[in-house]
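The next block holds one structure in the form of structure tokens; read it before the comments.
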Amino acid sequence: MLKNYLSINREVREELEKKGAVVALESTIISHGMPYPQNVETAFKVQETVRRNNAVPATIAILNGKLKVGLSRDEIDYLGKKGFETIKTSRRDIPYIVSEKLDGATTVAATMIISEMAGIKVFATGGIGGVHRGGQNSFDISADLQELAKTNVAVVCAGPKSILDIGLTLEYLETNGVPVLGYRTNELPAFYTRKSGYEVDYELDSSEKIADFLRTKFNLRLAGGVVVANPVPKEFQMDRKVITEAINQAVQEAEQKGVKGRDSTPFLLDKVKQVTGGESLKTNIQLVFNNGELAAKIASKL
Ligand code: PSU
Ligand code: MN
């Protein structure tokens, strides 16, 4: 049945058949996370990084109603140019996009779902969604967190952005049984910076140990994903004061304009980029490569 909807490219399919190493990559980061042409260049380069580290990249999106696992260069370029016109697609949107034969850029949640359908266990991205500031009133909690609670995929990221309430995000993950691992850190990174003031659940210092952890969790059939938090390399992290001010300004403007629902995250990301004059974009690009590298190493050891 699923076969009618899923379209896995040949390279990825062959790698999965021989139980090799595959790393999933999302597409909302391409359409909504970065401007053109940096989005497309980054998407190509992170694929190269994954290959260099002995894994096969599988960029995921929905195109013309097909759940695509492993986009071609042309398909990535198409999504990158289409940008915000592409529908940001999370779990609730998938049936509509598929039945109407539309294009959907998949979020962390939707990419996890399609990865699991394809049999991919490791996924690299920039940052995950979480509980937004004021989430206790607005109920703005990313569907990424619910997905992590039930779908068996590890998500390698640079931690939650401080556009979110990091404390509430961690509480939500704890309640839902989602382990948050720190790669060579006991402090949770906050995307643009290596520090957040919050601890991870467990620090694991090698890709072998992380692979062991994942294998154990999956073997024990403890349903759900894992957050692997990988701090941005020191030389690319942002000044904490600069980024904090930019984020505060972005959050304030979103509140004034009443931005909500699925528009809220892309709005905040775009504002932060504007306020920092592109400085945040540089950091964002580098941390994606860093995550692609770690995810590939973990996937090859699984
Ligand atoms: N955080 C980032 N960059 C991103 C996103 C989040 O630092 O590009 C994207 C991801 O695709 C993530 C989605 O899954 O935003 C979360 O959106 P929401 O909060 O609406 O669930
Ligand atoms: Mn939301």
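Note that ligands are numbered from 1 as they come in the structure, with each ligand's atoms numbered from 1 the same way. Quick note: numbers below take in every heavy atom, side chains included, and nothing from hydrogens, waters or symmetry partners.
Inter-residue side-chain proximity for L214 and V226 is flagged as met; some heavy-atom pair is nearer than 4.5 Å. You'll find the side chain of V131 reaches within 4.5 Å of the side chain of I141, heavy atoms only.
For ligand 1, the atoms sitting less than 4.0 Å from at least one non-hydrogen atom of D144 are 12 (C), 14 (O), 16 (C), numbered in the order shown with element in parentheses. Close approach to G127 involves these atoms of ligand 1, each under 4.0 Å from a residue heavy atom: 1 (N), 2 (C), 6 (C), 7 (O). Ligand 1 places these atoms under 4.0 Å from at least one heavy atom of K161: 2 (C), 3 (N), 7 (O). Shown in contact with K88 at under 4.0 Å from a heavy atom are these atoms of ligand 1, numbered in order with element: 17 (O), 18 (P), 20 (O). Short contacts between ligand 1 and H132, defined as distances under 4.0 Å to a heavy atom of the residue, involve ligand atoms 19 (O).
Near the Mn ion (ligand 2), less than 2.8 Å away, sit the protein N, O or S atoms D140 OD1.
In terms of heavy atoms, G292 sits closest to V46 at CA-CG2, 4.1 Å. Closest approach of A24 and T111 over heavy atoms only: CB-CG2, 4.5 Å.
The protein heavy atom nearest to atom 11 (O) of ligand 1 is E26 OE1, 2.7 Å. Looking only at protein heavy atoms, the nearest one to atom 8 (O) of ligand 1 is L269 CD1, 3.7 Å. Protein heavy atom in closest approach to atom 9 (C) of ligand 1: T28 CG2, 4.2 Å. In terms of protein heavy atoms, atom 19 (O) of ligand 1 is closest to T265 OG1, 2.7 Å.
Listed by first then second residue, pairs satisfying ring-ring contact (aromatic ring centres under 6.0 Å, His included) with a partner in residues 21-77 read H32-F84, not counting sequence neighbours. The ring-ring contact (aromatic ring centres under 6.0 Å, His included) contacts involving residues 89-118 comprise nothing, where partners must be two or more places apart or lie in separate chains.
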- Apply salt bridge (Lys or Arg N to Asp or Glu O under 4.0 Å) to the pair R215 and D212, showing each step before the final yes or no. CA-CA 5 Å; R215 201 178 300 113; D212 275 344; 2.7 Å; yes

Residues 56-70, side-chain donor-acceptor partners within the protein, below 3.5 Å, at least two apart:
| residue | atom | partner | partner atom | Å |
| --- | --- | --- | --- | --- |
| T59 | OG1 | Q47 | NE2 | 2.7 |
| K66 | NZ | N4 | O | 2.9 |
| K68 | NZ | E75 | OE2 | 3.1 |

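Hydrophobic clustering places L145 together with M112 (ILVMFWY residues linked when any side-chain heavy atoms are closer than 4.5 Å, directly or through intermediates). Under a hydrophobic-cluster definition in which Ile, Leu, Val, Met, Phe, Trp and Tyr are linked whenever side-chain heavy atoms come within less than 4.5 Å, directly or via other members, L287 and I166 are assigned to different clusters.
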